[in-house]
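In what follows, a structure is listed as structure tokens, so that the remarks can point back to it.
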Amino acid sequence: AQSVTQLGSHVSVSEGALVLLRCNYSSSVPPYLFWYVQYPNQGLQLLLKYTSAATLVKGINGFEAEFKKSETSFHLTKPSAHMSDAAEYFCAVSDDTGRRALTFGSGTRLQVQP
Amino acid sequence: DTGVSQDPRHKITKRGQNVTFRCDPISEHNRLYWYRQTLGQGPEFLTYFQNEAQLEKSRLLSDRFSAERPKGSFSTLEIQRTEQGDSAMYLCANSALQGPQETQYFGPGTRLLVL
């Protein structure tokens, strides 16, 4: 079975500060990892995904994530937070066993203070 | 806009009523997923289709739930005899099977409130 754990249900940063959202995964096979963002009353938008091509993955809106197998982590970062980054962020995992339904973490709500 | 649409966006119903949601995917994408998201939680997998075939159903999908995807195009999710615990956001996701690099694109969701 595969799972992800997102540490910190709420993260608050100042505008212009570093954003760090944590995700640790558990998988018995090489995982595929995703970060999605959800704005209020909307569906999920893909930020970035890891599929083993490169350990540092760059996504949209200036976000990036680094896959660290030794730490079973896939943390999301952004050098400088913007007010528009305020949203819910979800880490998700799937694998190459055919079904590929995503297993999501419980989410981290990012607040950006002016 | 991912190209995946869902209808209705909001639904309020009374306990015991039946409801049906629709998902219109990106036309050339052959995999379609349904997820349920309760308040403060991440989405949970319900079921998925490859073309018109329903290949897997989660244990979350009780007998009151049924999903269809006729002709491998749009999909419907019906809940019979709704209960207050069914209140949630129901999300549809669509993907093209591209080997290991499958990416799921989500619709805006249908928010269900059962009174």
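Chain letters run A, B, ... following the sequence lines, proteins first, then strands; residues in each count from 1.
- Within a 6.0 Å sphere centred on CZ of B/Arg15, other residues, nucleotides and ligands contribute 12 heavy atoms or fewer.
- Remark: B/Leu39 CG is loosely packed, at most 12 non-hydrogen atoms of other residues, nucleotides or ligands lying under 6.0 Å away.
- Atom CG of B/Leu60 has more than 12 heavy atoms from other residues, nucleotides or ligands within 6.0 Å.
- You'll find the ring centres of A/Phe104 and B/Phe45 outside the 6.0 Å limit.
- When every heavy atom of A/Leu44 is checked against every heavy atom of B/Phe106, the shortest pair comes out as O-CB, 3.4 Å.
- Between B/Pro108 and A/Gln42 the shortest side-chain heavy-atom distance does not fall below 4.5 Å.
- With hydrogens and angles disregarded, a donor-acceptor distance shorter than 3.5 Å links the side chain of B/Tyr35 to the backbone of A/Leu102.
- Taking a 6.0 Å sphere around CD of B/Glu68, one finds it holds 12 or fewer heavy atoms contributed by other residues, nucleotides or ligands.
- Shortest non-hydrogen contact noted between B/Leu91 and A/Gly43 is CD2-CA, 4.1 Å.
- Neither the backbone nor the side chain of A/Gln45 comes within contact range of chain B; no heavy atom of the residue lies under 4.5 Å from a heavy atom of that chain.
- In this structure, chain A has a heavy atom under 4.5 Å from the side chain of B/Gln37, while its backbone stays farther away.
- Note: the hydrophobic cluster containing A/Phe67 also contains A/Ile60 (ILVMFWY, side chain heavy atoms under 4.5 Å, direct or indirect links).
- Surrounding NZ of B/Lys11 are at most 12 heavy atoms belonging to other residues, nucleotides or ligands under 6.0 Å away.
- For the set A/Glu88, A/Gln6, A/Arg109, A/Gln38, the count of heavy-atom pairs under 4.5 angstrom toward chain B peaks at A/Gln38.
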